*Asks:* 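Sharing a structure here in structure tokens format.
Keep in mind the model is a prediction, meaning the values are calculated, not measured. First the proteins, then the strands, lettered A, B, ... as listed; each starts at 1.
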Protein chains: 2
Amino acid sequence: MYKFKGKEYPCCASLTMGLIGGKWKTVILFYLRNTTLRYNELRKKMPTVTERTLSLQLKALEEDGIINRKVYTSKPPLKVEYSLTALGKTLIPVVQSIADWGVYTVKENEAIATKV
Amino acid sequence: MYKFKGKEYPCCASLTMGLIGGKWKTVILFYLRNTTLRYNELRKKMPTVTERTLSLQLKALEEDGIINRKVYTSKPPLKVEYSLTALGKTLIPVVQSIADWGVYTVKENEAIATKV
DNA sequence: CGGTATCCGAAGCGATACTG
DNA sequence: CAGTATCGCTTCGGATACCG
């Protein structure tokens, strides 16, 4: 049994998945893996996510200590930047491995997988 | 846009997560990564999953071509073994990376994470 | 032994409209 | 610009009982 921030997981793998699982978290981390991005920059890179969902996932990642949220202005228009924390940076090899497998699989199995 | 078995994913990372995401799939793959296991052997390694959920997750992994299901008997008591397919074996580094991060994080952050 | 059937609550996720 | 509010659908996963 593993514990992280009060939550319990039955296996070392499920601990990781508890933090980066779900439909969008790895995508966010993939785009933040080597840069800092503003909210709207992330949205443009992920055109099919809704504002609400992106907002919720960013908040969850922030609460788990994986990303930083930095606000630069006090009045609208706001400027908010997201980046990886030190803990988040340790996830880069994991996210890269996940992304690489997607690319690899599409290349090796063109009969069942394609890049559109 | 990426396609795999008819499903569409907006990013190479989400393709992978579509196949191994969810609460239990990576745990199953973790235990199958270097061996073949029977249904009940998996259950014993994952005591907190219900029969129904384990069964559904195994079926989903089988349909995606990640694991093999081999039946050895025709009458009860049945003997069924699960193992990785060739495609499933290509996921081993990914699963290992996910599992390793869980172990690493528990070791490096004992204040917020522990192995019970 | 290796599952299914049924039922159910919780969570995930989306669409749209609105706001400081 | 960077979000929230509201609403509702859909999926996930759990509990229990039953079956070939």
*Asks:* Kindly calculate the angle separating the two end axes of the helix from dC1(C)-dG20(D) to dG20(C)-dC1(D), each obtained from five base pairs, and round it to 10 degrees.
*Replies:* 60°
*Asks:* Arg43(A) has an atom CZ; how far is it from atom P of dT4(D), in whole Å?
*Replies:* 13 Å
*Asks:* Mind calculating the distance between CG (Leu61(B)) and P (dG3(C)) to the nearest angstrom?
*Replies:* 13 Å
*Asks:* Using the salt bridge (Lys or Arg N to Asp or Glu O under 4.0 Å) rule, collect all pairs that involve residues 92-103 of chain A, keeping only residues at least two apart or in two chains.
*Replies:* none
*Asks:* Which parts of nucleotides 15-20 of chain D does protein reach within less than 4.0 Å, heavy atoms only, written one letter per nucleotide 5' to 3' as B for base, S for sugar-phosphate only and - for none?
*Replies:* B-B--B
*Asks:* Please report the closest heavy-atom contact between Ser14(A) and Tyr9(A), naming both atoms and the distance.
*Replies:* O-CD2, 3.3 Å
*Asks:* Find the distance Tyr82(B):OH to dG2(C):P and express it as a whole number of Å.
*Replies:* 9 Å
*Asks:* Taking C-beta and beyond as the side chain, do Trp101(B) and Leu19(A) meet within less than 4.5 Å on heavy atoms?
*Replies:* yes
*Asks:* Enumerate the salt bridge (Lys or Arg N to Asp or Glu O under 4.0 Å) contacts for residues 44-56 of chain A, please, sequence neighbours excluded, ordered by first and then second residue.
*Replies:* Arg43(A)-Glu51(A)
*Asks:* To the nearest Å, how far apart are Met46(A) CE and dG14(C) C1'?
*Replies:* 14 Å
*Asks:* Please confirm whether the shortest side-chain N or O distance from Lys59(B) to OP1 or OP2 of dT4(C) is below 4.0 Å.
*Replies:* yes
*Asks:* Taking any heavy-atom pair under 4.0 Å as a contact, classify Tyr72(A): base, sugar-phosphate, or nothing.
*Replies:* nothing
*Asks:* Supply the atom-to-atom distance Thr35(A) OG1 to Leu84(A) CG, rounded to the nearest 0.5 angstrom.
*Replies:* 9.5 Å
*Asks:* Between Thr36(A) and Glu81(A) (side chain of the first, backbone of the second, donor and acceptor by atom type, cut-off under 3.5 Å), is there such a pair?
*Replies:* no
*Asks:* Rounded to the nearest Å, what distance is computed from the CG atom of residue Leu56(B) to the C1' atom of nucleotide dA5(C)?
*Replies:* 11 Å
*Asks:* Among residues 14-40 of chain B, which contact DNA chain C at a heavy-atom distance under 4.0 Å?
*Replies:* Arg38(B), Tyr39(B), Asn40(B)
*Asks:* Of all the heavy-atom pairs spanning Phe30(A) and Cys12(B), show the shortest one and how long it is.
*Replies:* CZ-SG, 4.0 Å
*Asks:* Taking Glu63(B)'s backbone N and O only, do any of them form a donor-acceptor pair with Lys5(B)'s side chain (distance below 3.5 Å, no angle check)?
*Replies:* yes
*Asks:* For Lys79(B), which contact category applies under a 4.0 Å heavy-atom criterion: base, sugar-phosphate, or nothing?
*Replies:* sugar-phosphate
*Asks:* Taking only side-chain nitrogens and oxygens of Ser55(B), does any of them come within less than 4.0 Å of OP1 or OP2 of dT4(C)?
*Replies:* yes
*Asks:* Does OP1 or OP2 of dG3(D) have a side-chain N or O of Arg69(A) closer than 4.0 Å?
*Replies:* yes
*Asks:* Can you tell me how far the CG atom of Asn34(B) sits from the CD1 atom of Ile92(B), to the nearest 0.5 Å?
*Replies:* 7.5 Å
*Asks:* Find out whether Lys79(B) and Arg38(B) are in side-chain contact, i.e. whether some heavy atom of one side chain is under 4.5 Å from a heavy atom of the other.
*Replies:* yes
*Asks:* Using only side-chain N and O atoms of Gln57(A), determine if any of them is under 4.0 Å from OP1 or OP2 of dG12(C).
*Replies:* no
*Asks:* Just how far is it from atom CD of Glu62(B) to atom CD of Gln57(B), taken to the nearest 0.5 Å?
*Replies:* 13.0 Å
*Asks:* Starting from P on dG13(D), measure out to CG on Leu58(B) and report it in whole angstrom.
*Replies:* 13 Å
*Asks:* Going by the rule side chain to side chain donor-acceptor pair (under 3.5 Å), which residues pair with Arg69(A) if we only count those two or more places apart in sequence or in a different chain?
*Replies:* Tyr82(A)
*Asks:* I need the CG-P distance between Leu54(A) and dC13(C), as an integer number of Å.
*Replies:* 12 Å
